[in-house]
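Structure record follows, encoded as structure tokens.
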Amino acid sequence: MPVDPETLREIALSPQEYQAIVDRLDREPNALELGLFGALWSEHCAYKHSRPLLGLFPSDSPRVLVSPGAENAGVVDVGGGLSVVFKIESHNHPSAVEPFQGAATGVGGIVRDILAMGARPIALLNSLRFGPAESTRTRRLFHGVVEGISWYGNCIGVPDVGGEITFSPCYDDNPLVNAMCIGVVRTDNLVRAIPSGPGDLLLLVGADTGRDGIHGASGLASQTLEDTQELRTTVQVGNPFLEKVLIEACLEALQTCPEGIAGMQDLGAAGLTSASVECVSKGGRGLLLDVSQVPRRESAMNPYEVMLSESQERMLLLVRPGFEDAVRTVFDRWDLTSNVIGTVTDDATVRIHDAGAPHADVPVEHLVDAPRYRLSGTLSDETAAAQRVDLSALPLPEVSPSEALLRLLGSANIASRSGVYRQYDQQVQANTVVAPGRGDAAVLILREGYGGPATRRGIAASTDGNSRMTWLDPFVGGQLAVAEACRNVSCVGAEPIALTDCLNFGNPERPEVYFQLEECIKGMADACRALGVPVVSGNVSLYNEGEQQAIYPTPVVGALGLLDDVSRHCGAGFRDEGDVVLLLGTASLDGDAATLAGSEALEALHGVVAGQPTLDMDLEARVQRVCRDAIRRGLLSSAHDCSDGGLAVAVAESCVIGGVGVSVTARAEGRWDAALFGEAPSRIVVSLPPERVAALRRLASRHGVPVLRLGRTGGDRVRIGRQVNVALADAAEAWGQGLRRALWE
């Protein structure tokens, strides 16, 4: 008999997909079986519209130990017997419904992804998008999200060391909350979520199971928000203190009983359903699970609720027969509940029982083999019109260049994020070398083991992505997201070695959105090949739309870099008076209006989002290489990339961060707004002692990188030619207080 359409809507399955389920089973599924299909075939879990495109990413390198999608997170070998495990994920829809818990549990979930690989979580980063800063709704969401991130991260003792925040009207209905976690593990101790064979026991550890989070993956994260505002109960509730205990207990169990644990998997989206089915499917196995053995915090929960609950702070361990008592003893010492809830079978079938009574019987292959959709996309008329705007015909801004600089420095998209990151513990675990606000990327020491001696080596990490550029040209925007994240890492002296990404887009069933998704992935893949960095993990978040509009296409890239000598790193601030300031990547300050395309200045000073962004990936790779080499050779005092706000903002930020003024004597040509605030890519502002300039120029010449002498550091003013002359104190006040004025006052 036909299923109720409301039931299909609740689990985000189409009538055609329901019919495909009936055809595969050769019968109607019962309620529990349909719930299993709904969760595992959801966009959030199955990547129905994006998986055919993700194969375009390069994913191989000598350092990559785990292929993308094969496990919970990406793994790269960093030498010395150590590997870094990292990933970024979205918690957008839950954060729109319940910002505090949505963001908090987003942190908890990504941390467990890293833990599931046997790694110690050592750092968090985030990437946030909100509506206009002056909006009351934005303030509520912003404060809730930031408090949720700080509460969870601070309680579990993992430092939050980097991130980014952007404000735009397109995110008013649908904010974005992307969380990234980095962990370290001895390569020999890496854990996979694959059973060793039939007979392995399914050991559920951690929090009791409740009704929170049911339909979180299918009902909330796989539909547009206008359809799901009533689903507040689908947002999970976190307990970071329990998560901290869970982290320590799992790591101890892996250390003290490695022969007994075949694998480990976190319970995230789709809860026990996804955790158990994905584990056995990787090993070509099946399972027999008895929900009556699942500890519950609410009475009268039925098998459907138990299997689809997304209650937090839970892990599923695959334990070899005969070792269950030894493993459970560890969890007993930490006062954590651990129950054997099932076994791995050799029949490739998922069987769910309740106190011995059968409730579901489905072949694994049917559950994990969701439909995939390869669609055709088209450029929207609105974007095409924006690309054709003649930026050279725009009048110059009515404000002076000095006033424009102060306005941009104080704008919500550029001003210092100190009011945010001061809420995060950045120094816990004592690994942080470059903290937020001091450099373009975070830098952390690599240790031999948790709390062990520090090595000479370090890692760097950054998140980045420019949605305006991606809306104007998805291919170039995808390139820029990769280039800017890697440029940030290069600016502290680290070599980018791998990426993770979070692709945030609207409804892919609309041709203009699918076009954005496909072209963006192609652009990102092109940039990855040009820079020689693989994508090793990631997440796709679709259906990010509200009642009024879809979000801008927002690819967020998390870049991981490696430093052979962590003492050879650079910050963004000018360090000494009398240093020479150079600009890598160009030989002139050309005020070409085309460089205003998609820039912060174009929207802030002209009220327009338009133009055609461009990027020369070959030049980008060479500029980053010169910057890294110069830092390794000890030539540079500082390095800061030109991105949001262009050259003038980059120079002013370096002044404010270092507490040193500057006098730029290089002559700007053409439009002053483009010369000062245009966002031409592949440019890095560096400073260095005069006696090292010749060596840097020789290095740049060998790589074919143009260099422009800007001027010298010193004094208490920011001077740029004849256009800009502002007191350093005024620049510091605008940049330091801009976000606070927008969101706290």
Side-chain angles (χ1 to χ4, degrees), residues 127 162-164 166 408-409 413-414 416-417 434 436-443 460-466 469 477 479-496 499 527 530-531 533 556-559 561 569-574 581-586 589 595 598-601 613-617 619-631 636-658 662 664 676-688 696 700 703 705-708 710 735:
S127 182
E164 52 161 358
T166 298
L408 286 170
L409 286 172
N413 283 340
I414 290 178
S416 169
R417 273 62 182 131
V434 176
R438 307 307 302 174
D440 287 358
V443 177
S462 173
T463 59
D464 216 317
N466 191 313
M469 300 288 191
Q479 288 180 310
L480 283 167
V482 171
E484 291 186 5
C486 290
R487 196 185 314 139
N488 289 338
V489 165
S490 292
C491 281
V492 297
E495 179 183 359
L499 305 178
L531 297 175
V533 287
V556 173
V557 174
H569 68 268
C570 256
F574 293 145
V581 182
L582 303 176
L583 182 61
L584 303 180
T586 186
L589 292 185
T595 64
S599 67
E600 184 70 26
T614 60
L615 176 61
D616 180 343
M617 282 306 309
L619 175 61
E620 179 72 40
R622 287 183 279 121
V623 168
Q624 291 192 30
R625 193 176 304 119
V626 167
C627 185
R628 293 195 301 268
D629 287 352
I631 295 172
L636 302 186
S637 300
S638 70
H640 187 27
D641 83 312
C642 289
S643 54
D644 294 342
L647 174 68
V649 165
V651 168
E653 287 176 338
S654 291
C655 290
V656 173
I657 293 169
V662 72
V664 172
L676 297 176
F677 306 113
E679 294 180 12
S682 311
R683 299 182 300 165
I684 300 174
V685 175
V686 301
S687 66
L688 67 169
L696 178 61
H703 290 284
V705 170
V707 178
L708 174 66
L710 293 176
W735 188 68

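The two residues Met469 and Pro613 make their nearest non-hydrogen contact at SD-CB, 3.6 Å. Taking both residues in full, the closest heavy atoms of Phe677 and Ala648 are given as CE2-CB, 3.5 Å, listed atom of the first, atom of the second, then distance. Scanning all heavy atoms of the two residues, the minimum distance from Ala621 to Ala530 falls at CB-O, 3.9 Å. The shortest heavy-atom contact between Ala652 and Leu409 is CB-CD1, 3.9 Å. Residues Ser682 and Val623 come closest through the heavy atom pair O-CG2, 3.6 Å. Of all heavy-atom pairs spanning Leu619 and Gly585, the tightest one is CD2-O, 3.9 Å.
Within the 3.5 Å criterion, the main-chain N or O of Ile657 finds a donor-acceptor partner in the side chain of Arg438. Glu164 places no side-chain N or O within 3.5 Å of a backbone atom of Val556 that could act as its donor or acceptor partner. Between the side chain of Glu679 and the backbone N or O of Thr595 there is no donor-acceptor pair closer than 3.5 Å. With Glu495 contributing its side chain and Arg628 its backbone, the two residues share no donor-acceptor pair below 3.5 Å. Remark: side-chain polar atoms of Ser654 are paired, donor with acceptor, to backbone N or O of Ala572 under 3.5 angstrom.
Taking 4.5 Å as the limit, every side-chain heavy atom of Gln479 sits out of range of all side-chain heavy atoms of Glu620. Within the 4.5 Å cutoff, the side chain of Leu531 has heavy atoms near those of the Met617 side chain. Side-chain atoms of Cys486 and Leu499, non-hydrogen and from C-beta on, do get closer than 4.5 Å to each other. Side-chain atoms of Val649 and Ile414, non-hydrogen and from C-beta on, do get closer than 4.5 Å to each other. Ser490 places a side-chain heavy atom less than 4.5 Å from the side chain of Pro496.
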Requested in this report: Would you sort out whether Leu710 and Leu647 count as a side chain to side chain contact (heavy atoms under 4.5 Å, CB included), showing the intermediate values?
Outcome: CA-CA 10 Å; Leu710 293 176; Leu647 174 68; 4.0 Å; yes

Query raised in the report: Please walk me through it: do Thr614 and Asp616 pass side chain to side chain contact (heavy atoms under 4.5 Å, CB included)?
Result: CA-CA 7 Å; Thr614 60; Asp616 180 343; over 6 Å; no

Query - Evaluation steps, side-chain hydrogen bond (donor to acceptor under 3.5 Å, both in side chains), between Ser687 and Ser637 - result: CA-CA 5 Å; Ser687 66; Ser637 300; 4.6 Å; no

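To the nearest 0.5 angstrom, Ser462 atom OG is 9.5 Å from Glu484 atom CD. To the nearest 0.5 angstrom, Thr166 atom OG1 is 7.5 Å from Asn466 atom CG. From Arg683, atom CZ reaches atom CG of Leu589 across 8.0 Å, with rounding to the nearest 0.5 Å.
Evaluated for a side-chain contact (heavy atoms from CB on, under 4.5 Å) with Leu582, the options Ile684, Val685, Val707 yield exactly one hit, Val707. Of the options Val492, Leu696, Leu584, Asp641, a side-chain contact (heavy atoms from CB on, under 4.5 Å) to Cys627 is made by Leu584 and by none of the others. Here the rule is side-chain contact (heavy atoms from CB on, under 4.5 Å) with Asp464, and of Val482, Val557, Leu480, Asn488 only Asn488 fits it.
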